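Every chain is numbered from 1 and lettered A, B, ... according to where its sequence line falls, protein lines coming before strand lines. Keep in mind it's a predicted model, so treat the numbers as computed, not measured.
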Amino acid sequence: MPDTAAPARAKPRLRPGDRVFSGSALAAGTLILAILAGVAAFLIIESVPVVTTDPKDINILDGQPFWSYVAPLVFGTLWSSAIALLMAVPVSIGIALFISHYAPRRLAQGLGYIIDLLAAVPSVVFGLWGGNVLAPAIQPLYSWLTEHLGWIPLFAGPASGTGRTILTASIVLAVMVLPIITALCREVFLQTPVLHEEAALALGATRWEMIRTAVLPFGRPGIISASMLGLGRALGETMAVAMVLSSSGGITLALLTSSNPGTIAANIALRFAEAFGTNINLLIATGLILFAITLVVNMIARWIIGRRREFSGAN
Amino acid sequence: MSKRIEVRDLDVYYGKFKAVEGITLNIEPRSVTAFIGPSGCGKSTFIRTLNRMHEVIPGAWVDGEVLIDGSNLYEAGVDPVLVRRQVGMVFQRPNPFPTMSIRENVLAGVKLNNKRLSKSDADDLVERSLKGANLWNEVKDRLEKPGSGISGGQQQRLCIARAIAVQPDVLLMDEPCSALDPISTLAIEDLIEELKTEYTIVIVTHNMQQASRVSDRTAFFNIAGTGQPGKLIEYDDTSTIFSNPSEQSTEDYVSGKFG
Ligand SMILES: Nc1ncnc2c1ncn2[C@@H]1O[C@H](COP(=O)(O)OP(=O)(O)OP(=O)(O)O)[C@@H](O)[C@H]1O
Ligand SMILES: [Mg+2]
């Protein structure tokens with residue numbers, strides 16, 4: 001027979017390293033999804049009794065409908081986190097820029113180290129500090145603010161006598177989320193291509209103008225992601241808020257009074273120990289809502305980042 | 001608009017390392033001057049000292065004088081930011097701002113310099129600069145698209161448009177075509193030919209044909225060995241450098257015997 005046998009084509013060979021890697025990546029990805037689904041399923045299943053039970057049979061609800069019970073908690077969670085973020089993000093960006101673009105090298109390293117240390121402080125410590133040091137120290141300021149700027153709804157009186165207000169809780173949260181936002185922003189700013197920084201400088205930009213034209217726009221998606229991580233931490237923070245905030249009130253914009261809305265996470269921590277029966281289901285249901293809030297917040301962040309993908313420089 | 005550059009006995013250092021030594025040369029207004037020489041001889045280092053861009057590199061410093069129309073760039077109290085507004089620069093790799101549209105890229109420098117610009121003035125400037133960079137026809141329908149979404153050659157011309165939009169006196173180009181294909185390279189060479197009626201242009205290139213095509217004067221730099229400073233070997237009319245140089249090393253280099 002003439003040699004018609006096609007030359008044996010080299011089969012794409014799967015190398016063991018590739019196989020192990022893709023296998024473990026797949027397993028890890030699946031595991032994360034499975035855990036997430038498991039948590040969601042647990043929360044949903046455990047929440048069902050809250051809908052089916054008469055509110056009068058759940059002591060914590062005290063006769064009121066479920067939604068009017070969670071509304072102030074949802075508000076308190078979002079409100080305290082938003083204020084915390086509002087304070088933390090500008091400061092973080094400032095520190096990160098200082099470290100990445102202004103500080104001399106040794107100082108930058110030292111500062112970076114301190115920030116990382118701050119991230120390692122347990123939240124109980126922040127709680128103790130917030131409740132026992134910060135709150136009494138800042139109370140006179142609150143009194144002053146309600147007296148002189150009380151016409152602004154945020155500063156409406158009467159001022160809390162203990163200083164354990166939602167603003168104090170937000171300040172503590174801000175301090176807690178500051179390290180992670182700063183560390184991520186610093187990394188992002190350091191990644192700015194030298195090429196783009198030089199482009200700005202060669203056009204006659206001052207250092208600040210260079211940062212505005214090259215560094216910040218380039219780092220924008222990173223800043224948003226960092227803020228969202230910080231927000232995630234603030235939304236879910238339990239101990240610190242539980243120890244600082246004296247919560248009793250409903251939905252209000254006033255930051256300095258003694259009637260403050262609680263937060264979902266802190267409320268669960270405070271109530272869980274003494275809860276029984278359907279009360280536990282109620283608390284789990286509020287947990288489900290927190291879970292949903294976090295998901296929505298993350299989706300919004302992704303949408304914001306994706307909107308200007310074309311301009312991200314990733315192409 | 002265009003200005004005369006005089007360099008007097010300039011040394012450039014990176015920390016303790018002397019990268020370039022004893023450069024003295026004059027560059028006439030409305031001319032194109034090419035810097036050629038083997039890799040590592042300090043062409044980029046030197047060209048950056050003409051608008052103080054070397055100061056961006058930690059540890060880099062100069063000794064000597066650079067005069068632009070008689071005033072020394074390195075005099076105490078001279079603001080490097082103002083120097084760079086006067087002496088523009090185009091880099092080896094095209095570097096439009098990826099976060100900005102084509103239009104915003106062109107206006108980036110102007111926005112820094114004089115903050116407020118009416119919409120119609122801005123439109124005029126964008127059109128004029130892009131036409132000046134021979135790019136207008138290719139991008140006029142997508143000015144709002146990202147600056148990084150066009151071809152490399154177009155990006156480089158966008159960078160030139162961005163540089164000329166601030167109306168500098170001098171335009172420095174460090175190997176502006178080395179990342180481009182031959183067609184884009186020709187487009188930029190034509191552009192340089194046109195720009196020289198208005199600007200003083202200095203261009204670094206590794207391409208001998210390019211140097212002989214676009215430049216009026218050519219400076220040949222060389223280095224005695226690694227760790228030695230680069231020096232200006234010969235500076236003359238381009239035709240002289242390529243046909244009848246007075247130094248043996250220049251002849252060897254332009255004829256391709258080394259480098
Ligand atoms: N950032 C830097 N720090 C220290 N030394 C540097 C730096 N940049 C360049 N050098 C040194 O200065 C000398 C001149 O370099 P330069 O980049 O100016 O050469 P060049 O002529 O532009 O070379 P090429 O043609 O390859 O671009 C080289 O010895 C180089 O190693
Ligand atoms: Mg070079």
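For B:Arg4, the CZ atom is densely surrounded, since the number of other residues' heavy atoms within 6.0 Å is greater than 12. The environment of A:Leu31 atom CG is dense: over 12 non-hydrogen atoms of other residues, nucleotides or ligands sit within 6.0 angstrom. By the 6.0 Å contact criterion, CZ on A:Arg307 is enclosed, its count of non-hydrogen atoms from other residues, nucleotides or ligands being greater than 12. Around OH of A:Tyr102, the count of heavy atoms belonging to other residues, nucleotides or ligands within 6.0 Å exceeds 12.
In this structure, the separation between NZ on B:Lys111 and CG on A:Leu203 is 12.5 Å, given to the nearest 0.5 Å.
By number of non-hydrogen pairs under 4.5 angstrom with chain B, the leading residue of A:Ala202, A:Pro217, A:Ala200, A:Pro193 is A:Ala202. Considering only heavy-atom pairs separated by less than 4.5 Å from chain A, the leading option among B:Pro58, B:Gly88, B:Ser101 is B:Ser101. The residue among B:Arg52, B:Gln92, B:Arg48, B:Glu104 with the most heavy atom pairs within less than 4.5 Å of chain A is B:Arg48.
With a 4.5 Å cut-off on non-hydrogen atoms, B:Pro96 touches chain A through its backbone but not through its side chain. Within the 4.5 angstrom heavy-atom criterion, atoms from both the backbone and the side chain of B:Arg162 approach chain A. For a residue to count as touching a neighbouring chain, one of its non-hydrogen atoms must lie under 4.5 Å from one of that chain's; by this rule A:Glu198 touches chain B with backbone and side chain alike. Contact of B:Pro94 with chain A is made through the backbone alone, with heavy-atom distances under 4.5 Å.
We find that B:Arg85 and A:Glu209 are joined by a salt bridge, their nearest charged nitrogen and carboxylate oxygen being less than 4.0 Å apart.
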**Request:** Dump the intermediate steps for side chain to side chain contact (heavy atoms under 4.5 Å, CB included) on B:Met100 and A:Thr213, then the final yes or no.
**Result:** CA-CA 9 Å; B:Met100 296 184 190; A:Thr213 39; 4.0 Å; yes

